[in-house]
Amino acid sequence: QVQFVESGGGLVQPGGSLRLSCVASGITFNVYGSAWYRQAPGKQREWVAGITVGGTAAYAESVKGRFTASRDNAKNTLFLQMDNLKPEDTAVYYCNAPLTKKKNGQYTYWGQGTQVTVSS
């Protein structure tokens with residue numbers, strides 16, 4: 001019932017830009033919040049950025065100043081503008097809604113993610 005569909009990833013050179021999109025169904029971001037995560041090969045999934053129910057954005061230190069999260073509540077769509085991309089940004093990027101977490105703190109639903117590859 002709850003689904004997330006991420007898109008916009010691709011191959012880009014260092015210093016380049018990409019804009020990711022995430023469309024949610026079954027929940028609304030302005031009720032359950034919104035967040036971006038990423039997972040690189042061999043690494044744990046990590047939090048990248050988020051926008052609270054009230055619209056306050058926050059970022060991981062590793063992307064602060066380079067990434068900008070935004071949300072279109074009317075379209076229930078989350079965005080991540082990624083500028084000055086670095087090879088270490090290479091990962092599969094996922095979105096989710098924090099207030100949908102189970103009591104154990106884990107998410108029930110994940111989308112397929114979108115691959116971002118930063119390479120020269």
Distance-only criterion, 3.5 Å: show the donor-acceptor pairs between side-chain atoms of residues 2-12 and protein atoms not counting sequence neighbours.
| from | atom 1 | to | atom 2 | distance (Å) |
| --- | --- | --- | --- | --- |
| E6 | OE1 | G113 | N | 2.9 |
| E6 | OE2 | C95 | N | 3.0 |

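- Counting heavy-atom neighbours within 6.0 Å of Q112 CD, excluding the residue itself, gives a total of 12 or less.
- For E46, the salt bridge (charged side-chain N to carboxylate O under 4.0 Å, His left out) criterion is met by R38, not counting sequence neighbours.
- The side-chain hydrogen bond (donor to acceptor under 3.5 Å, both in side chains) test applied to R45 returns no partner, not counting sequence neighbours.
- Residues passing the side-chain hydrogen bond (donor to acceptor under 3.5 Å, both in side chains) test with D83 are S17, Q81, sequence neighbours excluded.
- Applying the ring pair (Phe, Tyr, Trp, His ring centres under 6.0 Å) test to residues at least two apart or on different chains, none of the pairs has a partner in residues 10-36.
- For residues 70-79, the set of pairs meeting the side chain to side chain donor-acceptor pair (under 3.5 Å) definition, not counting sequence neighbours, comprises S34-R71, R71-N73.
- A side chain to side chain donor-acceptor pair (under 3.5 Å) check over residues 48-59, counting only residues at least two apart or in different chains, returns nothing.
- When the side-chain hydrogen bond (donor to acceptor under 3.5 Å, both in side chains) test is applied to Q115, the partners found at least two apart in sequence or on another chain are T117.
- Residue pairs meeting the disulfide (SG to SG under 2.5 Å) criterion with at least one member in residues 27-72, sequence neighbours excluded, do not occur.
- Annotation: side-chain hydrogen bond (donor to acceptor under 3.5 Å, both in side chains) contacts of T28 (sequence neighbours excluded): N30.
- Listed by chain and residue number, W110 satisfy the ring-ring contact (aromatic ring centres under 6.0 Å, His included) test with Y94 (two or more places apart in sequence, or in another chain).
- Listed by first and then second residue, the salt bridge (Lys or Arg N to Asp or Glu O under 4.0 Å) pairs that reach into residues 100-120 come to none, sequence neighbours excluded.
- In the hydrophobic clustering of ILVMFWY residues, with side-chain heavy atoms under 4.5 Å counting as a link, V31 and L99 come out together.
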